[in-house]
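All residue numbers refer to positions in the sequence shown, counting from 1.
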Amino acid sequence: MNQPQNNKTAISLEDNLKKALTELLILHLLSERDYFIGELTSTLNDRSNGALNIVFPYGAIYRLQQSNYITESDKRAAPDGRRRQFFSITAQGIDYLNQLRNIYSSFISGVE
């Protein structure tokens with residue numbers, strides 16, 4: 001079934017916004033505490049009441065690691081008792097997060 005053009009445009013905009021904001025959202029959560037990947041995705045989904053469901057965050061995680069914005073910490077037990085690889089934000093990551101927040105705020109102000 002074909003969707004009306006307006007609906008396709010809205011879905012495309014939503015997808016692009018999610019992609020654009022993924023790094024900012026991941027860094028924001030890691031600025032609060034260390035997380036493992038599955039916990040990041042479920043926390044984003046929970047806090048956004050289902051609006052932000054990032055199914056495959058690995059690309060963003062790898063980009064953030066390669067840029068030295070986040071780092072792997074030692075594996076440790078997660079709340080479910082399983083050993084998980086946790087990630088933490090670096091000083092560079094905090095600087096980058098602040099830059100992203102400023103850009104986001106400026107953009108949203110311009111839209112409003």
ask   = Tell me, which pairs form a side chain to side chain donor-acceptor pair (under 3.5 Å) where one or both residues lie in residues 101-112, sequence neighbours left out?
value = His28-Arg101
query = Pick one: which of Asp46, Leu25, Thr41 meets side-chain contact (heavy atoms from CB on, under 4.5 Å) with Leu52?
reply = Leu25
key: side chain to side chain donor-acceptor pair (under 3.5 Å): pairs with one or both residues in residues 47-60, sequence neighbours excluded   = Glu32-Arg47
remark   = Sequence neighbours excluded, the answer for salt bridge (Lys or Arg N to Asp or Glu O under 4.0 Å) partners of Arg82 is none
request  = Using side-chain contact (heavy atoms from CB on, under 4.5 Å) as the criterion, point out the one residue from Leu21, Leu29, Thr22 that pairs with Leu44.
outcome  = Leu29
ask   = Above 12 or not: heavy atoms from other molecules or residues under 6.0 Å from CG of Asn16?
value = yes
message = Any non-hydrogen side-chain atom of Leu24 less than 4.5 Å from a side-chain atom of Ile103?
response = no
note = Contacts of Arg76 meeting salt bridge (Lys or Arg N to Asp or Glu O under 4.0 Å) (sequence neighbours excluded), chain-then-number -> Asp34
key: Value rounded to 0.5 Å, distance of CG in Leu30 from CG in Leu64   = 8.0 Å
For residues 83-95, run the donor-acceptor check on the side chains, cut-off 3.5 Å, and write out each pair with its distance to 0.1 Å, sequence neighbours left out.
{"residue": "Arg83", "atom": "NH2", "partner": "Lys75", "partner atom": "O", "Å": "3.0"}
{"residue": "Arg84", "atom": "NH2", "partner": "Asp80", "partner atom": "OD2", "Å": "3.1"}
{"residue": "Gln85", "atom": "NE2", "partner": "Ser73", "partner atom": "O", "Å": "2.3"}
{"residue": "Thr90", "atom": "OG1", "partner": "Asn68", "partner atom": "O", "Å": "2.6"}
{"residue": "Thr90", "atom": "OG1", "partner": "Tyr69", "partner atom": "O", "Å": "3.1"}
{"residue": "Thr90", "atom": "OG1", "partner": "Gln92", "partner atom": "N", "Å": "3.4"}
{"residue": "Thr90", "atom": "OG1", "partner": "Gly93", "partner atom": "N", "Å": "3.0"}

query = Which pairs count as salt bridge (Lys or Arg N to Asp or Glu O under 4.0 Å) when at least one residue sits in residues 60-71, sequence neighbours excluded?
reply = Glu23-Arg63
ask   = Are Leu97 and Tyr35 in one and the same hydrophobic cluster, where Ile, Leu, Val, Met, Phe, Trp and Tyr link if side-chain heavy atoms are under 4.5 Å apart?
value = yes
message = Can a donor-acceptor pair be found, under 3.5 Å and without considering hydrogens, that links the side chain of Thr43 to the backbone of Leu40?
response = no
key: Transitive ILVMFWY side-chain link Leu17 to Leu27, under 4.5 Å   = no
